[in-house]
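Scope of the values below: all heavy atoms of this structure, side chains included, with no hydrogens, waters or symmetry mates.
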Amino acid sequence: MAVLPADVAFDVSVPLVIVGAGACGLTAALAAHEQGAGVLVLERDSVPRGSTAMSSGMIPAAGTRFQAEHGVEDSPELLARDIMAKNHDAADQAVVAAVTAASGATVEWLADRWRVPLSLVTGFLYPGHSVMRMHAPPSRTGAELIGALSRAVEEAGVDMVTEARVTDLFAGPDGRIEGLAYGRPDGTVERVGCDRLVLACNGYGGNPEMVRRFIPEMAGARYHGHAGNVGDAVTWGEALGAQLADMGAYQGHGSLAEPHAILITWALMMEGGIQVNAEGRRFSNEHLGYSEQAAAVIAQPGAVAWNVYDARLHALGRDFDDYREAEAAGAVRSGATVAELAAATGLPAEALAASLEQAARGVAGETDPFGRDFTGKPGLQAPYYAVKVTGALFHTQGGLAVDPDGRVLRADGRRMPNLYAGGGAARGLSGSAGFGYLSGNGLLSAAVLGRICGTVASRP
């Protein structure tokens, strides 16, 4: 991986090249195509997947017609306030304002113009959100989302080369990107010139050295992200003199089925479930957020916890394809009584009963020792269910600093001549640490900033 002098001959030249075919890259490609730009998308895998495919496919957006249909009142300003409250006002406020302002129109554009099957997710709120604003495909999976985006790009006739690993960028003395080189599986190398370049190649979660450098608290943690997220954008950006920002931010998750490595929706916690450790004891406020819960779970004996809930929440979980997959794999245990659930899980029955009683007292209005508000949701009732989980790193949120147009900034704050970044390649919306991740921040930045990058980069 290198940035080389632009003193080479290119095999072909195109106006706009996009590196990466996740939600950010494909959305950028659709936006650029709509503007009439010549676009080439380069994807290292044989089929576009990336981190998007491993997500729950939920894009938060404010002021959509889907919200209006359900009587939900929302605004970009409220979404921005929720994002900034979660990250303790540490994110770039101008970028947050630009992304939230464009969020509703982007979701409707994807649904109406490109037939991406998005609808409002109702029935529960994720941590930190004031109102229901998650939009997702019917299966509630990122695999369905990336499939719909891939279909849209194909039907639009956008040029895309898969199994194309970009290795080097070619830049002039002023940092202007003149082109790039990518390798093919047969060992051939092709060089493409470009007028503008969008980096949509996600973050560095799959690069253990970078994780140790920037997020030491998650060094050695389970990585549940795309293997191709090895920090290419960071490597190129540093070589070009670009500004890096919020490199300690990430999305973790405290609910990855162990050992099945299947995501268990946090809706179970938000609607009344609890987490206990291997000793059967609660250890946290489960409503603070699933990202910071990753470190909390990893800190428990054996780096595991158990999600404990009831038949009502088991039915809610079945609305998610991932949960049904986990159930089919045998990850979901059950018991008609606390004693039976303890036997099914190996948890100490007395401690498990005490944890459930603690939750019941919270529902009745007693102050929770961990600060969780249990009121407003039904108490857990037999029969009970449980899933063994661990904490994991899903993707990083730090990256190249960008302005509200997605243009990459130099270390001194000036714009790079023709370089753009979005999604995990760019500085995210989560501030500087894991606690700043608001549910959906990753796909919000990918889809909306991707559209912004594609639109702006299409201009002459």
Side-chain angles (χ1 to χ4, degrees), residues 22-24 26-27 30 48-72 74 79 82-83 99-100 102-152 224-225 251 253 255-256 262-271 289-291 313 315-326 394-395 423-424 429 437-451:
C24 179
L26 295 183
T27 305
L30 291 171
R49 289 183 54 80
S51 295
T52 302
M54 303 181 74
S55 74
S56 56
M58 297 194 185
I59 307 172
T64 70
R65 61 177 173 81
F66 302 107
Q67 290 176 302
E69 290 167 1
H70 289 274
V72 176
D74 197 7
L79 174 54
D82 287 349
I83 290 172
V99 169
T100 55
S103 63
T106 297
V107 162
E108 292 185 2
W109 172 75
L110 287 172
D112 300 337
R113 175 69 176 84
W114 301 108
R115 297 188 293 111
V116 177
L118 297 172
S119 61
L120 184 68
V121 178
T122 59
F124 61 91
L125 278 177
Y126 276 109
H129 285 281
S130 297
V131 299
M132 291 180 291
R133 56 167 69 104
M134 292 295 193
H135 298 75
S139 66
R140 309 299 188 239
T141 66
E144 185 175 9
L145 176 62
I146 196 69
L149 289 170
S150 298
R151 172 197 50 74
H224 188 69
Q251 185 218 331
H253 209 296
S255 187
L256 188 70
I262 301 171
L263 176 63
I264 304 299
T265 174
W266 204 247
L268 302 180
M269 297 299 105
M270 298 308 297
E271 289 299 302
Y290 57 71
S291 181
L313 298 177
L316 172 63
R318 281 178 162 172
D319 288 341
F320 296 78
D321 278 7
D322 286 340
Y323 184 88
R324 295 196 298 271
E325 181 185 350
F394 273 33
H395 60 81
L429 311 176
Y437 186 85
L438 183 69
S439 305
N441 269 4
L443 279 176
L444 176 61
S445 176
V448 182
L449 196 54
R451 186 188 185 193

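For the pair Pro137 and Leu118, the minimum side-chain heavy-atom distance is below 4.5 Å. Between Ser150 and Leu26, the closest side-chain pair of non-hydrogen atoms falls below 4.5 Å. Here the side chains of Leu429 and Leu438 are not in contact, with every heavy-atom distance at 4.5 Å or above. Using a 4.5 Å cut-off on side-chain heavy atoms (C-beta onward), Leu149 and Leu110 make contact. Arg140 places a side-chain heavy atom less than 4.5 Å from the side chain of Val121.
Atom OG in Ser130 sits 8.0 Å away from atom CG in Asp74 (nearest 0.5 Å). Interatomic distance, CD1 of Ile264 versus NE2 of His253, reported as 9.5 Å (0.5 Å rounding). To the nearest 0.5 Å, atoms CD1 (Ile262) and CE (Met54) are separated by 11.5 Å. The OG atom of Ser51 sits 9.0 Å away from the CD atom of Gln251 when rounded to the nearest 0.5 Å. To the nearest 0.5 Å, atom CG of residue Leu443 and atom OG of residue Ser56 are 7.5 Å apart. Here CG of Leu256 is found 5.0 Å from NE2 of His224. Values are rounded to the nearest 0.5 Å.
Here the closest heavy-atom approach between residue Ala136 and residue Met58 is recorded as CB-CG, 3.7 Å. Taking each heavy atom of Gly440 and Pro60 in turn, the nearest pair found is O-CD, 3.3 Å. For the pair Val107 and Ala61, the tightest heavy-atom approach, listed with the atom from each and the gap, is CG2-CB, 3.5 Å. Taking each heavy atom of Ala148 and Val116 in turn, the nearest pair found is CB-CG1, 4.1 Å. Across all non-hydrogen atoms, the minimal contact from Ala62 to Ser103 is N-OG, 3.2 Å.
By the 30° and 60° cut-offs, the orientation of the rings of Trp109 relative to Trp114 is perpendicular. Ring geometry for Phe66 against His135 counts as perpendicular: the plane angle is over 60°, on a 0 to 90° scale with 30° as the lower cut.
One N or O on the side chain of His129 and one on the backbone of Ser439 form a donor-acceptor pair closer than 3.5 Å. A distance-only check finds no donor-acceptor pair linking the side chain of Arg115 to the backbone of Arg151 [under 3.5 Å]. Not a single donor-acceptor pair under 3.5 Å links the side chain of Glu144 to the backbone N or O of Gly57. Under a 3.5 Å cut-off, the side chain of Gln67 and the backbone N or O of Met132 do form a donor-acceptor pair. Remark: side-chain polar atoms of Thr52 are paired, donor with acceptor, to backbone N or O of Ala23 under 3.5 angstrom. When atom types are taken as modelled, the side chain of Ser445 and the backbone of Asn441 share no donor-acceptor pair closer than 3.5 angstrom. Here the side chain of Thr265 pairs no donor or acceptor atom with the backbone of Gly317 at under 3.5 angstrom. No donor-acceptor pair closer than 3.5 Å links the side chain of Thr27 to the backbone N or O of Arg451. Side chain of Glu108 to backbone of Ala105: no donor-acceptor contact under 3.5 angstrom is found.
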- Apply side-chain contact (heavy atoms from CB on, under 4.5 Å) to Tyr290 and Met269, showing your working. CA-CA 9 Å; Tyr290 57 71; Met269 297 299 105; over 6 Å; no

- Task: Apply side-chain contact (heavy atoms from CB on, under 4.5 Å) to Arg133 and Leu79, showing your working.
- Result: CA-CA 9 Å; Arg133 56 167 69 104; Leu79 174 54; 3.5 Å; yes

- Criterion side-chain contact (heavy atoms from CB on, under 4.5 Å) on Val99 and Ile83, from CA distance to verdict: CA-CA 11 Å; Val99 169; Ile83 290 172; over 6 Å; no

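His395 and Tyr437 have their aromatic ring centers within a separation under 6.0 angstrom.
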